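First the structure, in the form of structure tokens, and then the observations on it.
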Amino acid sequence: MVVFPNAKINIGLHITSRRPDGYHDIETVMIPVPWCDVLEIVPSESGDTTLTVTGRAVACPPEKNLVMKAYRALDATVTLPPLDIYLRKIIPDGAGLGGGSADAAFTVMAINRMLELNLTDSQMAEICSSIGADCPYFIYNRPMIATGTGTTLSPIDLTALNGMTVALVKPDISVPTAEAYAGVTPKLPVCDLPSLLHTPVSLWKDRVANDFEASIASRHRVIAEIKQQLYSLGAIYASMSGSGSAVYGIFDSDIMSPDIAKHFSDHDTFVGKFTAMNDI
């Protein structure tokens with residue numbers, strides 16, 4: 001079975017409080033974008049479960065890869081046969097795009113379908129919640145408001161984005177999660193994200209913020225530079241995604257991938273369309 005785990009971006013991100021367990025409560029909206037990895041799962045030839053990774057280098061051994069953690073978490077719930085798993089990495093790591101989380105969630109969904117396990121979305125999301133905070137989102141893979149630690153999900157209508165273009169730019173830096181949180185002071189937002197995002201996209205620029213962005217951009221100037229360049233190219237909204245370091249711009253007109261790649265020649269880039277924003 002072959003599936004294509006896609007990335008996500010965050011539109012707005014509020015760090016609302018620090019929890020007694022040391023984690024943080026957040027409010028963010030995640031939406032899917034069609035920058036995809038390739039994941040193939042087949043019966044094992046050796047009798048052992050294996051993971052082979054190609055494409056972008058991944059700086060962790062197979063057993064620590066979220067794909068293998070997903071297999072182990074599912075196996076702890078429903079005994080699985082040995083499988084050979086092949087992952088071609090295309091989505092950049094350390095970007096705030098959720099590539100590893102998508103790979104994990106798509107592993108659970110693909111095995112569920114391949115082996116006819118008949119697990120529901122909520123059951124798969126529960127399994128994924130033990131792997132990483134973003135993993136349950138990709139089970140649903142549609143515009144969602146994420147609250148709590150990021151695993152409490154509610155649908156949001158963002159069909160206003162249908163047909164718009166998104167350009168993503170990933171500089172050659174990564175932002176550790178601990179560094180991102182160290183730069184923010186939790187606070188309750190003046191206005192909740194659903195209310196802000198139900199205004200026209202053209203108004204988001206001065207209203208919808210990512211609480212991580214100011215401190216990270218002050219330490220990594222390239223992030224602020226990319227954001228400003230996206231606006232100069234005609235973006236109606238631009239932001240860093242998640243804890244970074246990828247920056248995206250939303251355009252209400254077509255912009256060509258070769259043009260973005262040429263303009264940001266020192267960085268990884270992707271251009272795609274928002275389509276069917278209630279179901280990727």
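Here the structure is a predicted model, which means the values were calculated and not measured.
- For Glu213, the salt bridge (charged side-chain N to carboxylate O under 4.0 Å, His left out) partners are Lys227, not counting sequence neighbours.
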Please list, one pair per line, the donor and acceptor atoms closer than 3.5 Å that link side chains of residues 84-94 to other protein atoms, with sequence neighbours excluded.
from: Asp84; atom 1: OD1; to: Thr50; atom 2: OG1; distance (Å): 2.6
from: Asp84; atom 1: OD2; to: Glu45; atom 2: N; distance (Å): 2.9
from: Lys89; atom 1: NZ; to: Asp37; atom 2: OD2; distance (Å): 2.6
from: Lys89; atom 1: NZ; to: Asp103; atom 2: OD2; distance (Å): 3.0

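- Every residue was checked against the salt bridge (charged side-chain N to carboxylate O under 4.0 Å, His left out) condition with Arg207, not counting sequence neighbours, and none meets it.
- The same ILVMFWY cluster, assembled from side-chain heavy atoms under 4.5 Å apart, contains both Tyr71 and Met109.
- Partner of Leu168 under the side-chain contact (heavy atoms from CB on, under 4.5 Å) criterion, chosen from Thr269, Ile9, Val271: Ile9.
- The only member of Cys36, Pro5, Ser101 that meets side-chain contact (heavy atoms from CB on, under 4.5 Å) when paired with Phe106 is Pro5.
- Counting heavy atoms from C-beta on, the side chains of Val222 and His267 come closer than 4.5 Å.
- No side-chain heavy atom of Leu193 sits under 4.5 Å from any side-chain heavy atom of Ile145.
- With sequence neighbours excluded, the residues satisfying side chain to side chain contact (heavy atoms under 4.5 Å, CB included) with Asp21 are Arg19, Tyr23.
- No donor-acceptor pair under 3.5 Å is formed between the side chain of Tyr181 and the backbone N or O of Ser243.
- Using modelled atom types, one side-chain atom of His198 and one backbone atom of Pro194 make a donor-acceptor pair closer than 3.5 Å.
- Listed by chain and residue number, Lys8, Met30, Pro32, Asn141, Met144, Leu153 satisfy the side chain to side chain contact (heavy atoms under 4.5 Å, CB included) test with Tyr137 (two or more places apart in sequence, or in another chain).
- Legend: side-chain hydrogen bond (donor to acceptor under 3.5 Å, both in side chains) pairs involving residues 214-224, not counting sequence neighbours, sorted by first then second residue: Glu179-Arg219, Glu179-His220.
- No more than 12 heavy-atom neighbours from other residues, nucleotides or ligands sit within 6.0 angstrom of CG on Asp172.
- Of the inter-residue distances, the one linking Lys69 atom NZ with Leu51 atom CG reads 12.5 Å to the nearest 0.5 angstrom.
- The two residues Ala110 and Met1 have their closest heavy-atom pair at O-SD, 3.4 Å.
- Residues Leu13 and Val247 fall within the same hydrophobic cluster, defined by Ile, Leu, Val, Met, Phe, Trp and Tyr side chains chained together at heavy-atom separations under 4.5 Å.
- The backbone N or O of Val208 lies less than 3.5 Å from no partner atom in the side chain of Lys205, so there is not a single donor-acceptor pair.
- The closest donor-acceptor contact from the side chain of Trp204 to the backbone of Ala238 lies at 3.5 Å or more, if one exists at all.
- A distance-only check finds no donor-acceptor pair linking the side chain of Thr152 to the backbone of Ala146 [under 3.5 Å].
- Listed for the Asn210 side chain is a donor-acceptor partner under 3.5 Å among the backbone atoms of Gly242.
- Here the CD1-OG distance, from Ile223 to Ser239, works out to 10.5 Å after rounding to the nearest 0.5 Å.
- Judged purely by atom type and a 3.5 angstrom limit, Ser44 has no side-chain atom pairing as donor or acceptor with the backbone of Thr49.
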